[in-house]
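Following: one structure in structure tokens, then a few remarks.
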Amino acid sequence: MSAVVNVEKFYERLNKIHAHFVKHNESTWNGAYCISIDKGSADDDNRYLKSTVIHHYLFGYELPDTILLLTKDGQCIVLAAKKKCEFLQPAVG
């Protein structure tokens with residue numbers, strides 16, 4: 001991938017999602033331990049799916065065939081192919 005993730009925006013936006021998740025965990029998220037954002041195959045017919053929109057919000061790009069887990073304690077776990085992991089490598093800290 002020739003694209004580069006904007007690390008500053010990624011963490012700023014990820015922190016907003018995490019803050020909402022923690023603040024409203026019981027009322028909105030039913031006490032869940034983590035949020036799973038599963039982006040399956042690229043689908044031009046459904047480009048307004050929540051998972052696609054969240055990928056664009058966080059990364060600036062859609063990452064098909066990627067699962068993102070955001071835990072209550074702040075861990076962000078990404079399950080993806082090698083190229084997508086390389087794309088996200090600058091954000092690993």
Side-chain angles (χ1 to χ4, degrees):
M1 289 186 152
S2 62
V4 178
V5 66
N6 183 325
V7 176
E8 185 177 322
K9 280 188 180 182
F10 169 72
Y11 277 110
E12 177 185 320
R13 293 171 177 179
L14 185 67
N15 286 331
K16 285 181 183 181
I17 293 171
H18 181 257
H20 183 278
F21 177 54
V22 170
K23 183 177 180 179
H24 302 284
N25 187 268
E26 293 301 322
S27 61
T28 303
W29 301 97
N30 292 325
Y33 176 73
C34 70
I35 300 171
S36 173
I37 303 165
D38 177 9
K39 179 60 194 114
S41 300
D43 186 357
D44 290 335
D45 293 337
N46 290 316
R47 61 183 175 219
Y48 299 109
L49 291 172
K50 290 176 191 169
S51 58
T52 301
V53 172
I54 291 172
H55 273 235
H56 279 278
Y57 177 68
L58 289 174
F59 309 121
Y61 303 94
E62 179 181 349
L63 301 177
D65 301 321
T66 301
I67 298 172
L68 181 70
L69 296 173
L70 180 59
T71 66
K72 201 177 198 180
D73 61 3
Q75 288 185 322
C76 180
I77 302 162
V78 179
L79 304 169
K82 183 180 178 183
K83 281 192 173 188
K84 293 173 190 122
C85 289
E86 289 170 356
F87 167 75
L88 294 171
Q89 186 63 38
V92 174

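When reading the values below, keep in mind they use all heavy atoms of this one structure, side chains included, and skip hydrogens, waters and symmetry mates. Nothing here was measured: the structure is a model prediction, and the numbers come from that model.
- L14 and L58 make their closest contact through N-CD2, 3.6 Å (heavy atoms, listed as atom of the first residue, atom of the second, distance).
- Partners of T28 according to the side chain to side chain contact (heavy atoms under 4.5 Å, CB included) rule, which considers only residues two or more places apart in sequence or in another chain, are H20, H24.
- Rounded to the nearest 0.5 Å, atoms CG (N15) and CG (L70) are 9.0 Å apart.
- Listed by first and then second residue, the ring-ring contact (aromatic ring centres under 6.0 Å, His included) pairs that reach into residues 59-84 are F10-F59, H55-F59, Y61-F87, sequence neighbours excluded.
- L69 and I17 are assigned to two separate hydrophobic clusters, defined by single-linkage of ILVMFWY side chains at heavy-atom distances under 4.5 Å.
- Summarising the geometry of C85 relative to A80, their closest heavy-atom pair is SG-O, 3.6 Å, with the distance given to 0.1 Å.
- Rounding to the nearest 0.5 Å places NZ of K84 at 4.5 Å from OG1 of T66.
- No donor-acceptor pair closer than 3.5 Å links the side chain of K39 to the backbone N or O of L68.
- Formation of a donor-acceptor pair under 3.5 Å by the T52 side chain with backbone atoms of K50 is not found in this model.
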Donor-acceptor list for residues 31-38 side chains, cut-off 3.5 Å, not counting sequence neighbours:
residue	atom	partner	partner atom	Å
Y33	OH	D73	OD2	3.4

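- The line from CD of E12 to CG of N6 is 9.0 Å long, rounded to the nearest 0.5 Å.
- In this structure, Y57 has no ring-ring contact (aromatic ring centres under 6.0 Å, His included) partners at least two apart in sequence or on a different chain.
- Listed by chain and residue number, H18 satisfy the side chain to side chain contact (heavy atoms under 4.5 Å, CB included) test with V22 (two or more places apart in sequence, or in another chain).
- Under the 4.5 Å side-chain heavy-atom criterion for Ile, Leu, Val, Met, Phe, Trp and Tyr, V7 and I54 are members of the same hydrophobic cluster.
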